[in-house]
Amino acid sequence: MSEDFWEATRRRRLVVQRCLACGHRQHYPRRLCTACGGTELEYAPVSGLGVVDSFTVVHRAPAPGFEPPYTVARVRLAEGPILLTHLVGDTDWACDLPVRVAWRPLPDGRHLPVFRLARTDQEDSAHED
Amino acid sequence: MSGVAIVGAAESDLGITGESVLTLQAQAVTRALADAGLVLSDVDGLATCGVSRFSATQVADYLGLRPVWTESTFAGGCAFEMYVARAAQAIEAGQCRTVVISYGSNQRSARSRSLAGVVEEHTPEARFEAPYGPLYPFSYYAMAARRYMHAFGVRREALAEVAVAARDWALLNPRAYRYGTAPLTVRDVLSAPMVSSPLTTADACLVTDGGGAVVLTSLERARDLRRAPVRVLGYGECVTNTSMTAVDDLTVTGAVHSGAAAFARAGLVPGDVDVAQIYDSFTITVLLTLEGLGFCGAGEAGDFVAGGRTGPGGAFPVNTSGGGLSYNHPGQYGLLLLVEAVRQLRGECGDRQVPGAEVALAHGTGGILSAHATVLLGVDR
Ligand SMILES: [Zn+2]
């Protein structure tokens with residue numbers, strides 16, 4: 001079921017589940033709506049905008065393949081759900097900073113959603129990857 | 001209030017034991033029964049976990065018991081506070097008469113604990129979390145700490161005070177892993193190796209072998225046994241999350257509900273508690289739990305613990321054994337919270353005794369602030 005989420009990342013699209021009955025959005029994907037118990041859900045695109053709920057710089061690798069330090073965060077999407085993610089870019093991070101989704105390519109063509117500081121000027125969003 | 005009491009309490013060997021889990025279990029059970037003046041054949045109820053797939057059955061087999069009531073809810077560190085509730089209910093309902101709650105872990109000797117923690121790849125959240133490499137549970141507590149500091153303007157030093165107080169208590173407890181070492185300073189905590197910011201190695205609990213057991217029976221029967229009964233006054237629990245993104249506000253834990261239920265059942269308020277044993281997997285755990293239980297308001301726990309208020313001689317003694325931070329942490333620490341609470345109420349704690357303690361609180365936390373259970377205990381007046 002979580003395949004839909006990952007397939008959308010091939011086109012660099014961030015989607016989260018939305019309940020057709022009550023409109024509740026949730027993440028991670030489930031077979032029912034945690035707000036109303038409804039079982040009809042769709043994957044709906046989200047803006048990719050959010051704020052940093054909290055973050056932590058990890059200094060020890062949990063497994064081979066990770067290269068600390070890196071910044072793990074909870075990002076609260078503008079649409080409501082919270083994602084676990086990475087914060088990237090040269091930013092002195094703080095809670096509540098605005099962020100925008102960026103995409104880290106995976107070897108199989110999918111992408112890992114990560115977040116960078118959202119600026120208001122057009123130039124930055126034009127160069128967003 | 002319940003008509004059930006704890007009549008025996010003991011630790012297994014602690015620290016680096018080189019023993020098996022079941023050896024530690026057997027030590028804990030036999031010592032707790034000896035403390036109670038009971039024998040193995042008196043036991044008809046058993047609660048434990050962390051041994052094998054069939055933990056309670058496994059331990060019953062090892063002890064040669066055929067209990068008529070068993071319990072193995074797996075909720076991490078707070079499982080044992082939950083077992084006290086279930087045991088009290090089972091004894092009051094007449095399903096069994098004498099319950100042993102036990103635990104043992106050789107995680108230090110067996111080197112079975114890693115900083116990366118346990119990632120269960122089959123869970124639905126794993127695909128959305130594991131790719132980002134959080135340390136489990138360390139990074140979750142770190143994010144809770146960061147959010148807490150941001151939301152309430154709490155200084156990093158406030159977290160360190162929890163570890164400092166724990167060390168001061170441990171220096172008074174000959175059984176503590178850090179007994180005989182030096183006092184810890186706030187500067188020591190802040191300058192220890194960073195693991196997952198803002199938390200350092202000194203914000204995290206020990207990794208040791210250890211275990212323990214408590215014995216429960218009816219209050220009526222307890223009054224005829226060798227130790228002064230420790231009454232089960234109240235209990236409550238709440239589980240909230242397994243994933244790292246389910247909880248909306250990292251600063252509000254299930255302790256809000258478990259504590260309120262326990263106090264209501266006991267007919268007590270936080271101000272009635274003389275000594276508290278509060279799960280300290282990390283320094284932040286204690287601050288969030290103090291607030292959740294109602295000992296202070298949201299954002300006030302930093303001031304609450306400042307200046308040694310929860311340390312030896314302080315106005316509100318917390319984690320008098322030295323806690324998971326400086327006494328012992330065998331993976332699931334909740335059983336040892338109960339042992340220390342019982343000893344404080346019996347006045348057995350020597351240099352670290354809280355004078356005249358009549359009401360004790362034990363609060364366990366499991367997982368990533370996932371599961372919470374509170375027990376209120378009191379002397380038999
Ligand atoms: Zn719904």
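Basis for what follows: all heavy atoms, side chains included, without hydrogens, waters or symmetry-related copies. These numbers were taken from a predicted model, which means no experiment stands behind them.
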Judged by atom type as modelled, is there a donor-acceptor pair below 3.5 Å linking the side chain of A/Tyr28 to the main-chain atoms of B/Glu129? no
With a 4.5 Å cut-off on heavy-atom pairs, point out which of B/Val247, B/Val195, B/Leu199, B/Asp249 contacts chain A the most. B/Val195
Looking only at heavy atoms, which two atoms of A/Thr56 and B/Ala142 are closest? And how far apart? OG1-CB, 3.4 Å
When the 4.5 angstrom heavy-atom criterion is applied to B/Ala130 and chain A, the contacting part is backbone
Look only at the side chain of B/Arg147 and the backbone of A/Phe55, and say whether a donor-acceptor pair between them is shorter than 3.5 Å. no
B/Arg146 side chain to A/Ala94 backbone, donor-acceptor under 3.5 Å: no
Whatever's closer than 4.5 Å to a heavy atom in chain B on A/Pro113 counts as both
Considering non-hydrogen atoms only, spot the tightest contact between A/Val58 and B/Leu135 and give its length. CG1-CG, 3.9 Å
With respect to chain B, which residue among A/Val72, A/Val52, A/Val57 yields the maximal number of heavy-atom pairs within a distance under 4.5 Å? A/Val57
Output the distance between atom CD1 (A/Ile82) and atom CE (B/Met244), rounded to the nearest 0.5 Å. 13.0 Å
For A/Leu106, is it the side chain, the backbone, both or neither that has a heavy atom under 4.5 Å from a heavy atom of chain B? neither
Classify the ring geometry between B/Tyr132 and A/His86 as parallel (under 30°), tilted (30 to 60°) or perpendicular (over 60°). perpendicular
For the NE2 atom of A/His59 and the OG1 atom of B/Thr201, what is their distance to the nearest 0.5 Å? 12.0 Å
Return the minimal non-hydrogen interatomic distance between B/Gly133 and A/Pro62, and the atom names on each side. O-CG, 3.4 Å
Is it the side chain or the backbone of A/Val75 that comes within 4.5 Å of chain B heavy atoms, both, or neither? neither
Using 0.5 Å steps for rounding, measure from the OG atom of B/Ser243 to the NE2 atom of A/His27. 8.5 Å
Reported CE-to-OG distance for the pair B/Met149 and A/Ser54, which is rounded to 0.5 angstrom: 9.5 Å
Is any side-chain heavy atom of A/Glu3 closer than 4.5 Å to one of B/Arg127? yes
Determine the minimum heavy-atom distance between B/Thr245 and A/Arg74, stating which atoms define it. CA-NH1, 3.8 Å
Where does A/Phe66 contact chain B at under 4.5 Å (heavy atoms): side chain, backbone, both or neither? side chain
